[in-house]
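Notes follow the structure.
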Amino acid sequence: MYKNYLKIAVRNLWKNKGFSFINIFGLAVGIAVCLMIMLFVIDELSFDKYNTKSDRIYRVDGDVKFGGTRFILAVAPDPMGPTLKKDYPEVEQYVRFRDRGGFRIKKDNENLQENKVIHVDSTLFDLFTLPVIAGDPATALREPNTVVITEKTARKYFSSTDVVGKTFIVNDTNNYKITAVIKDVPLQSHFNFDFFVSMSTIDESRQNNWLSNNFNTYILLKPGSTSKAFEPKLETVVNKYVGEQAQQFLNLNMAEFKKMGNFDNYSLTPLTKIHLHSDKVAELGVNGNLQYVYIFSAIGIFILLIACVNFMNLSTAQSSSRAKEVGVRKVLGSVKQNLISQFLAESIIISFIALIFAVIFTLFCLPYFNQLSGKEITLGLFSKSWLIPSLLLIVLVVGLLAGSYPAFYLSSFQPVSVLKGKLASGFKSGWFRSSLVIFQFAVSIILIVGTVIIYNQLNFIRSKKLGFDRDHVLVIKNTYALGSQAKPFKNELLNISGVQKLTMTGFLPTADYRSDSPLYTDATLDQKNAVSMQNWYVDENYVPTLNMEVAKGRNFSTEMLTDSTA
């Protein structure tokens, strides 16, 4: 019986080539788009789950209000991690990350700038699953000026992974010893670094400063402990340690601090929720957004539904050409159930053929999709065990969904009326088909309107006045390395035709994490008048180079020596 269904389906597809092409192409495009969105969504949902202890790892986040400014932070004070492990038995281990910028590493006769550099505690491997290729993870980051590098970095500088014991020359002056090589950090990680430098290298990690938040701090809770039970204990830590330093340096106890409208709170964020649920100051990387996952999922489903509705409409519109076939089959003894099975089988076969073309479309479009989304998604047809069963399930669902209405519609014809030709004029009407057409157009219009809104929003972002002119401004990074040659370098640049203005500074008016300091309106250092602000050190050319408008007062001037303290 099924062999007969297959034979009839192939004959009908071949007989109606144009109809078959439109149906298969429409379904293939819908499945391809849905497949790419599915790969994107699964990629987003899989972040940080490669860690074997991911269900017990939490990041300590800060929520601080001081000087009229609130900071929602992904960082904590430097003693937070060690203190939690010392004071609370629920904390099995901790690790801190400190981002202090990149390195210039000497390779042969040139210096290469490396920006994926992070300082970490020696306990890194106790929390995160980072397979070691060479070296001892237990001791790799204990000593100062030691570094763990990724496999890609080892091959870049030494063309081999057998590099333990070798050294890097960093910033022309410092030697860093390679103590371990790890596999490249998975792309589905909320941090992605190539150089992990020993935390003991920097004195800042030992300052015991509870009033400064600069360290991304992660804790590993012991099995059986929960974040819900542990989180309230962070308030005790604040009252005990932050309160003591607030009294010492700010002449305020915690009660007075809070009475003035300030607060210093900390909470735990589960590791696997950082990528999609966290958008705080000083994140270790660019995170995603759960709303985007919902939006893209809905778009994928709607596009697949449009393809299915298109299949239904085309099938029912062609019903007149198959009406006599149905009539003859019923006269010869075919029951309605057999006819329904045949039409559903044809629909599933068309869906399966469409799937083959959809996979081909996906393979062709994935490089462009990755370029657009900033990812490196691969189809992995045979490497992902869940993919082929999922695709077959999609074929079955789409085949049944798209073929159900045509199957029941065509199989319901009365043979006598059909053979007399009395129903031919009525096949192309009906409220259900009209509803399908309305649904198809409505969803299409919604998607088009959404696309127009997004385009206008992006155009607004590009043309919005930001208070400075970013057009025709070239940024040359890391010129601090020039040292005493910075001024001659600046003069040489000004001699280049086309260079109108030039400024040298470490501060760009763009989004970045920088330390804030309280400023006071008078020498009494009254905390009620404190304002949390940033200090940017710039020269007299900064404002005119970026074409900023001075709202009041004047710009710096080289002719006025007092401007050195202005």
Side-chain angles (χ1 to χ4, degrees), residues 64-71 73 99-104 111 113 115 171-173 202-204 209 211-214 249-250 281-282 460-566:
V64 181
K65 183 180 180 184
F66 180 68
T69 305
R70 182 180 180 182
F71 304 94
L73 306 167
D99 188 354
R100 293 171 62 92
F103 279 168
R104 284 182 302 107
N111 281 315
Q113 178 66 30
N115 295 317
N171 297 336
D172 291 324
T173 56
I202 54 176
D203 294 333
E204 183 188 14
N209 185 356
L211 301 181
S212 177
N213 296 272
N214 291 308
F249 295 106
L250 302 177
V281 176
F460 169 78
I461 292 172
R462 285 194 298 266
S463 59
K464 171 70 176 176
K465 290 186 177 181
L466 302 176
F468 67 95
D469 187 1
R470 58 186 175 183
D471 295 329
H472 309 295
V473 177
L474 176 67
V475 179
I476 303 176
K477 295 183 178 181
N478 304 312
T479 51
Y480 66 88
L482 295 171
S484 60
Q485 299 300 312
K487 191 170 182 179
F489 176 72
K490 177 180 177 180
N491 295 332
E492 287 294 326
L493 288 176
L494 287 171
N495 291 330
I496 298 175
S497 61
V499 177
Q500 296 180 351
K501 299 171 185 175
L502 188 147
T503 183
M504 297 191 79
T505 179
F507 299 88
L508 290 173
T510 53
D512 198 3
Y513 174 58
R514 308 181 180 96
S515 297
D516 288 59
S517 302
L519 300 182
Y520 306 90
T521 56
D522 53 53
T524 60
L525 304 184
D526 187 353
Q527 300 301 318
K528 295 181 180 179
N529 298 325
V531 179
S532 183
M533 297 181 66
Q534 295 176 2
N535 295 320
W536 294 8
Y537 295 94
V538 301
D539 59 22
E540 69 281 359
N541 298 312
Y542 188 85
V543 170
T545 299
L546 294 174
N547 199 23
M548 292 179 169
E549 295 182 10
V550 179
K552 191 174 182 180
R554 63 172 177 82
N555 186 29
F556 296 117
S557 173
T558 54
E559 297 177 358
M560 299 183 181
L561 299 180
T562 55
D563 277 6
S564 62
T565 57

Not counting sequence neighbours, which residues clear side chain to side chain donor-acceptor pair (under 3.5 Å) with Asn115? List them please. Gln113
Pairs in or reaching into residues 499-508: which pass salt bridge (charged side-chain N to carboxylate O under 4.0 Å, His left out), with residues at least two apart or in two chains? none
Does atom CG of Leu561 have more than 12 heavy-atom neighbours from other groups under 6.0 Å away? no
Thr173 versus Asn171, side-chain donor and acceptor atoms under 3.5 Å: no
Name every donor-acceptor pair, under 3.5 Å, that has one atom in a side chain of residues 485-499 and the other anywhere in the protein, sequence neighbours excluded.
unit_1: Asn491; atom_1: ND2; unit_2: Lys487; atom_2: O; d: 3.4
unit_1: Asn495; atom_1: ND2; unit_2: Asn491; atom_2: O; d: 3.2

N/O donor to acceptor pairs below 3.5 angstrom from side-chain atoms of residues 539-554, sequence neighbours left out:
unit_1: Asp539; atom_1: OD1; unit_2: Thr503; atom_2: OG1; d: 2.6
unit_1: Asp539; atom_1: OD1; unit_2: Asn541; atom_2: N; d: 3.0
unit_1: Asp539; atom_1: OD1; unit_2: Tyr542; atom_2: N; d: 3.2
unit_1: Asp539; atom_1: OD2; unit_2: Thr503; atom_2: OG1; d: 3.4
unit_1: Asp539; atom_1: OD2; unit_2: Met504; atom_2: N; d: 3.2
unit_1: Asn541; atom_1: ND2; unit_2: Leu502; atom_2: O; d: 3.4
unit_1: Tyr542; atom_1: OH; unit_2: Phe507; atom_2: O; d: 3.0
unit_1: Thr545; atom_1: OG1; unit_2: Asn541; atom_2: O; d: 2.6
unit_1: Arg554; atom_1: NH1; unit_2: Asp563; atom_2: OD2; d: 3.0
unit_1: Arg554; atom_1: NH2; unit_2: Asp563; atom_2: OD1; d: 3.0

Residues two or more places apart in sequence or in another chain: which of them pass side chain to side chain contact (heavy atoms under 4.5 Å, CB included) with Arg470? Leu466, Phe468
Partner set under salt bridge (charged side-chain N to carboxylate O under 4.0 Å, His left out) for Asp203, not counting sequence neighbours: Arg206
Take atom CZ of Phe556 as the centre, draw a 6.0 Å sphere, and report whether it contains more than 12 heavy atoms from other residues, nucleotides or ligands. no
Does any part of the side chain of Arg100, heavy atoms only, come nearer than 4.5 Å to the side chain of Glu204, both counted from C-beta? yes
Using modelled atom types and a 3.5 Å cut-off, is there a donor and acceptor pairing between side-chain atoms of Ser212 and backbone atoms of Asn209? no
